[in-house]
Amino acid sequence: MTRLVLAISAANADAILDGSRTSDHRARPPKRLPARAYLAVPKVGVVGECELGEPERKTDDGWALPVTSPKRYARPRSLDRFGLAKTPRSFVYLD
């Protein structure tokens with residue numbers, strides 16, 4: 001499975017990880033889907049992970065990507081652990 005680091009706001013990451021949000025919207029979705037997405041909050045680190053599915057539909061907010069299997073980490077992980085110096089603009093592939 002493809003792995004990627006996904007830049008996301010703290011509020012959206014919390015909503016995905018607590019299960020109240022079941023999709024993420026992207027103007028330009030990753031091409032290699034489905035994928036394991038590590039959720040990177042700027043100035044915090046990687047706060048959790050989930051699986052992103054193929055784009056379902058296009059909305060006013062962008063392409064809707066279904067989110068499944070969210071997992072919150074007990075403590076944020078450093079981006080260094082993923083081989084990154086800073087949070088990506090939108091996403092970056094790890095494979």
Side-chain angles (χ1 to χ4, degrees):
M1 178 176 276
T2 302
R3 299 178 320 131
L4 55 90
V5 174
L6 189 71
I8 192 164
S9 70
N12 287 339
D14 285 339
I16 286 172
L17 295 172
D18 71 16
S20 63
R21 186 171 181 173
T22 59
S23 63
D24 184 47
H25 292 82
R26 298 279 159 167
R28 294 181 182 243
K31 294 203 183 286
R32 294 188 246 163
L33 292 173
R36 165 131 345 254
Y38 299 97
L39 307 177
V41 176
K43 299 181 183 178
V44 175
V46 178
V47 295
E49 63 185 64
C50 66
E51 290 185 20
L52 289 179
E54 294 284 337
E56 292 181 330
R57 66 194 179 285
K58 188 164 184 177
T59 67
D60 292 339
D61 296 327
W63 288 96
L65 307 174
V67 174
T68 57
S69 306
K71 177 184 172 189
R72 184 183 303 270
Y73 298 150
R75 280 173 274 138
R77 297 180 181 173
S78 169
L79 288 170
D80 294 342
R81 190 170 180 174
F82 297 89
L84 301 173
K86 62 181 182 175
T87 306
R89 217 170 234 271
S90 180
F91 66 88
V92 65
Y93 294 106
L94 296 176
D95 299 332

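Predicted, not measured: the structure shown is a model, and the values here were computed from it.
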Which atom names give the shortest non-hydrogen contact between [X] and [Y], and what distance separates them?
X	Y	value
R77	F82	CB-CE1, 4.2 Å
R26	S90	NH1-OG, 3.2 Å
P70	C50	CA-CB, 4.0 Å
R89	A7	O-CB, 3.8 Å
P66	E54	CD-O, 3.1 Å

Is there a side-chain contact between [X] and [Y] in this structure, where contact means two heavy atoms from C-beta onward sitting under 4.5 Å apart?
X	Y	result
V46	R81	no
E51	P34	no
R21	N12	yes
T2	L33	no

Task: Residue pair D18 / S20, side-chain donor-acceptor N/O under 3.5 Å - done: yes
Cluster question for you: counting only ILVMFWY and a side-chain heavy-atom cut-off of under 4.5 Å, with indirect links fine, are [X] and [Y] together?
X	Y	value
F91	I16	yes
V41	L39	yes
L52	L17	yes
L6	V47	yes
L65	V92	no

Open item on the list: So, taking the atom named CD1 in I8 and the one named OG1 in T87, what distance separates them when rounded to the nearest 0.5 Å?
Closed with: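 Atom-to-atom, I8:CD1 and T87:OG1 are 12.0 Å apart.
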- [ ] Working to the nearest 0.5 Å, report the span between CZ of R57 and CH2 of W63.
- [x] 11.0 Å
TODO: With E49 as reference, evaluate R36, K71, R3, R72 under the side-chain hydrogen bond (donor to acceptor under 3.5 Å, both in side chains) test and give the passing residue.
DONE: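 Testing each of R36, K71, R3, R72 against E49, the sole residue satisfying side-chain hydrogen bond (donor to acceptor under 3.5 Å, both in side chains) is R36.
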